[in-house]
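Have a look at the structure below before the remarks.
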Amino acid sequence: MAKKEKATEENLVIVESPAKAKTIEKFLGKNYLVKSSFGHIRDLAKKDFGIDLAHNYQPQYVVSDDKKEVVNELKSLSKNAQTVWLASDEDREGEAIAWHLSETLELHSDKTKRIVFHEITKDAILRAIETPRDIDSNLVNAQQARRVLDRLVGFELSPVLWKKVKPSLSAGRVQSVAVRLLVEREREIFDFKAESAFRVSAIFSVEEKGKKNEFKADLNHRFKTAEEAHAFLESCSDANFKVASVTKKPSTKTPAAPFTTSTLQQEAARKLGFSVGQTMSVAQKLYEAGKITYMRTDSVNLAKSAVNAVVSSIKSEMGDKYVKVRQYKTKSKGAQEAHEAIRPTYPEIDSVGGTATEKKLYDLIYKRTMASQMSDAVIEKTTINIDVDGQKHHFVASGEVVKFDGFLRVYIESTDQEEDEESASFLPPMQQNDLLDLKKLEARQRFSQKPYRYSEASLVRKLEELGIGRPSTYAPTISTIQQRGYVVKEDRQGSPRPYQYLWLENGTVKQEEKTEMANAERNKLFPTDIAMVVNDFLVNYFPNVVSYDFTAKVEQEFDEIALGKVEWQKAIDDFYKPFHHQVEETLEKSERKTGERILGNDPKTGKPVSVRIGRFGPMAQLGSSEDEEKPRYAPLTREQHLETITFEEALKLFDLPRDLGTYEDKKVVVGIGRFGPYVRHDGKFASLKKGIDDPMTIDLPRAIELIEEKRERDNKKTIKTFEEDKDLQVLNGRWGPYISYKKKNYKIPKDKEAASLSYDECLKLVEEGDKTKKTKSTKGKKKAASTKSTTKSGTKTKKKPEAKSTSKSK
DNA sequence: CAGTGAGCGAGCTTCCGCTTGACTT
């Protein structure tokens, strides 16, 4: 480490984020050194819960490996400082960070000061420096209670699942409720029966100054049956249509609040198609570049200076009448508001450089911030009722005119509703008793919508609404439940659905059956069978912990602790005693849960057909394990579920693998494997195309097509092979060309042309690669190694991750 | 990334919240 020549530091300020440190240092000037702790520096030990259950839940804290370096540096800096300013966030976690720092760095209370600010502005920070306080130990205790509770719940419940359902599963206060939401919604969808009705709509024309204007209107009644719709259309064939009334109603629209983490994730998903993880990493880049304020926040508040800058931008670009200063209040439960809303750091800058995604996200944040301080839009809504001769039902047309655009000029908030109904549009001028020409009349069968499946972003919104999880955990939670196999995120093709269409043509009613695609899904979260089995188990045995208001209840407890009204160990004890009893009782009394269903007997062999969760996921079984003959197994498809699959569907699974014939004298077989449906030929596998191919019906010519396509891709993948050694190849991958040697991959330097590499050059790169890998593997591995470190006897992997003191970053 | 499901049973898995890396196949 290069020791910087610094005048004796009088003041050391410690914040959580390095980007924040950089900014603050500029405000504070020479006498202040500002450093960051990179979040929490200690956590509960992994061993024995990290909690001493025999001694009043005494937490066992350890400095995590990746924090040792930071802690050492802070320790030595704090020794030399006259005053240490602990400037972590003003919330439960921030207070705890300050306390952990003071403990770990062994800070003396007389030279330690705790300061807080909610916005990173010069004024706010100077004010904070003038009003220091002590560490709030009640708040710290509330955090300890939170931490200990989460550990106890997670580390007691998960092992129950390992024993009763499947190894490596997990449960926790947050993730289990997230999974529950998905499972319950999925069941609503299972149970949903679509109803249909016939919606009648018409296109009329009206004359204005010799010009004919057309507009659309809907009947105010839906018919249950095609016959009723038919009769209605018929009766319209020679009817008159007359404007019965024209009503105009003014209304206004109000802008949405500035972004929080959750609303940013939602809007970036809707408008830009980002996943919540992508939104966070792009935002992180913008934050580090100093372009936006902190991106993990639950506050909708803007700093005064920011509001001023926004207002003057609006004034100079659009004029005074577009300005309306607003203060927003957070609606979400449990918000701690340690930061500002997410906004441009300098609201006068309307665009930034960087990658395309960074530009787009900045633009979104910029516009949302501007809009939040702009005037209401003024709208005029027009409703026109149109009578039909001799009919009790009438048509309704509605239109909307924007009288003053206000904030709509820069930003329109999106919704999750699919555009079933087109938005109200402009209507031509009309008056009462005007006669209208019927241009078109139709009735279409419409089906009621099934409940919406959650997307990543809408799940985040729901969790926030329930007060479960924090801005910093929304994205990680979503990825955890996917990693554990509780949830898959994917598209579903949907299925064709017939509907009736009727229309009036030259005075007669015609009818036709048409087809639409129904229930297609894009980028939605689907709970797996494991999720359903685990959820049912938890709901059955631990209803209190996975209830939707568990978090809200314990938050109340934490609040009491923070106020000093309750001792944290007492609160934990009140929970843990009965909870632990529940765990023991469950271990003793509950059965193993595999989601097994016995569906019937195979008509051919008489053997039982059942489904359950196997070692590798949901599967069907033909025959029983006590039989002489081994049972046959077949995995379920992605669309099938243990609880909804029928006997016939399960039976069909055993038609695979299926022989399709031969190609180039070798067998072609189709089946379903770990990664979905495939065709196998000559020892090679080619995946079937999702939504296009069906393993049950695919024929030989199509299979050959897939095999050839796979060959083509493999050929393109290979840039170069060598006679000297078959194991050495230059391949084309997702990140460009690379060298593959004995199942390991190596980088090719940018200045080298991949296609012209010689055998010797490649070997040299492999050697160099192995060298750098060794240093890396000591640091970055940790988890990856635990799953499959048994094979690969090739290079020295003996070294335990012990050499870290030498691996200092240059 | 490989197309399984049995069986000894050792040893491992796991939580939530606060932060940023390292760098892929």
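These figures come from a predicted structure and were not determined experimentally. Throughout, protein chains are lettered first and strands after them, A, B, ... in sequence-line order, and every chain is numbered starting at 1.
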Given dG7(B), is OP1 or OP2 found less than 4.0 Å from the side-chain N or O atoms of R615(A)? no
How many Å lie between OH on Y576(A) and P on dC15(B), as a whole number? 17 Å
Looking at R114(A) and E95(A), is any side-chain nitrogen of the basic one under 4.0 Å from a carboxylate oxygen of the acidic one? yes
For D682(A) and K684(A), indicate whether the former's side chain and the latter's backbone hold a donor-acceptor pair under 3.5 Å. no
side-chain N/O R173(A) vs dT14(B) OP1/OP2, d < 4.0 Å: no
Are R92(A) and E555(A) ion-paired here, with the side-chain N under 4.0 Å from a carboxylate O? yes
Out of dC18(B), dT20(B), dC15(B), which has the shortest distance to the side chain of Y287(A)? dT20(B)
Could you state the atom-to-atom distance from CZ of R296(A) to P of dC16(B) in whole Å? 17 Å
Side chain of Y678(A) - closest among dG5(B), dG3(B), dG21(B): dG3(B)
At under 4.0 Å, does any side-chain N or O of R92(A) touch on OP1 or OP2 of dG17(B)? no
So G172(A), base contact, sugar-phosphate only, or nothing? Heavy-atom distance under 4.0 Å. sugar-phosphate
Applying salt bridge (charged side-chain N to carboxylate O under 4.0 Å, His left out) between E93(A) and each of R470(A), R146(A), R296(A), R147(A), report the one that passes. R146(A)
For F685(A) and dG3(B), say yes or no: do the ring centres fall under 5.5 Å of each other while the ring planes differ by less than 30°? yes
Look at all strands and tell whether G671(A) reaches a base, only sugar-phosphate, or nothing, counting heavy atoms closer than 4.0 Å. nothing
Relative to the ring of F542(A), is the ring of F537(A) parallel (under 30°), tilted (30 to 60°) or perpendicular (over 60°)? tilted
When all nucleic acid strands are considered with a 4.0 Å heavy-atom cut-off, which category describes G469(A): base, sugar-phosphate, or nothing? sugar-phosphate
For the residue pair R612(A) / Q621(A), report whether a side-chain donor-acceptor contact shorter than 3.5 Å exists. yes
Base, sugar-phosphate, or nothing for T480(A), non-hydrogen atoms under 4.0 angstrom? sugar-phosphate
What's the gap between dT24(B) and dG3(B) when it is taken at their C1' atoms, as a whole Å value? 25 Å
note: D298(A), atom CG; dG17(B), atom C1'; distance rounded to Å ~ 13 Å
Go nucleotide by nucleotide along DNA chain B from the 5' end; which of S158(A) and Q336(A) gets its closest nucleotide reached first? S158(A)
From dG5(B), dT19(B), dT14(B), nucleotide with atom closest to M619(A) side chain: dG5(B)
Do S168(A) side-chain and dT13(B) base share a donor-acceptor contact under 3.5 Å? yes
Verify stack between Y633(A) ring and dT4(B) base, 5.5 Å, 30 degrees: no
Think Q175(A) has a side-chain N or O under 4.0 angstrom from the OP1 or OP2 of dC16(B)? yes
S170(A) side chain: which of dT19(B), dC15(B), dT4(B) is closest? dC15(B)
Just the rounded figure in Å: distance from C1' of dC16(B) to CD of E156(A). 16 Å
If you look at every strand shown and take non-hydrogen atoms under 4.0 Å, does Q143(A) touch a base, only sugar-phosphate, or nothing? nothing
Check whether E288(A) reaches the backbone of K285(A) with its side chain - one donor and one acceptor, N or O, closer than 3.5 Å. no
Donor-acceptor contact present, side-chain D529(A) to main-chain L642(A), <3.5 Å: yes
Protein-nucleotide distance (Y61(A), atom OH; dC18(B), atom P), rounded to Å: 14 Å
May I ask you to say what T473(A) touches in the nucleic acid, namely base, sugar-phosphate or nothing, with a heavy-atom cut-off under 4.0 Å? base
Check the distance between dA10(B)'s C1' and W162(A)'s CH2 and give it to me in whole angstrom. 15 Å
OP1 or OP2 of dC18(B) less than 4.0 angstrom from a side-chain nitrogen or oxygen of S472(A), does that happen here? yes
Reckon Y294(A) touches a base, only the sugar-phosphate, or nothing at all at heavy-atom distances under 4.0 Å? sugar-phosphate
Expressed in angstrom and rounded to an integer, what is the separation of H40(A) atom NE2 from dT20(B) atom P? 13 Å
Looking for any heavy atom pair under 4.0 Å, which part of the strands does K46(A) touch: base, sugar-phosphate only, or nothing? base
Would you mind classifying the nucleic acid contact of L169(A) as base, sugar-phosphate or nothing, using non-hydrogen atoms under 4.0 angstrom? sugar-phosphate
Nucleic acid contacts - residues 146-154 of chain A versus DNA chain B, non-hydrogen atoms under 4.0 Å: R146(A), R147(A), D150(A), R151(A), G154(A)
C1' gap between dT13(B) and dG9(B), integer Å: 16 Å
Base, sugar-phosphate alone, or nothing: which one does A96(A) contact when heavy atoms must sit under 4.0 Å apart? nothing
CD1 of I41(A) to CG of L105(A), rounded to nearest 0.5 Å, is 5.5 Å
What's the CE-C1' distance between M295(A) and dG17(B), to the nearest Å? 14 Å
Is R484(A) close enough and on-axis enough to Y486(A), meaning under 6.0 Å and within 45°, for cation-pi? no
Applying a 4.0 Å non-hydrogen cut-off, can you work out what P18(A) is touching in the nucleic acid: base, sugar-phosphate, or nothing? sugar-phosphate
Would F155(A) count as stacking on dT14(B) if stacking means ring centres less than 5.5 angstrom apart and planes tilted under 30 degrees? yes
So does V165(A) get a backbone contact from the side chain of R592(A), meaning a donor-acceptor N/O pair under 3.5 Å? yes
Under a 3.5 Å cutoff on both atom distances, Watson-Crick or G-U, what's the dot-bracket for DNA chain B ([ ] crossing, | other strand)? .........................
F558(A) versus L149(A): any side-chain heavy-atom pair under 4.5 Å? yes
Does the side chain of S88(A) come within less than 4.5 Å of V15(A)'s, by heavy atoms? no
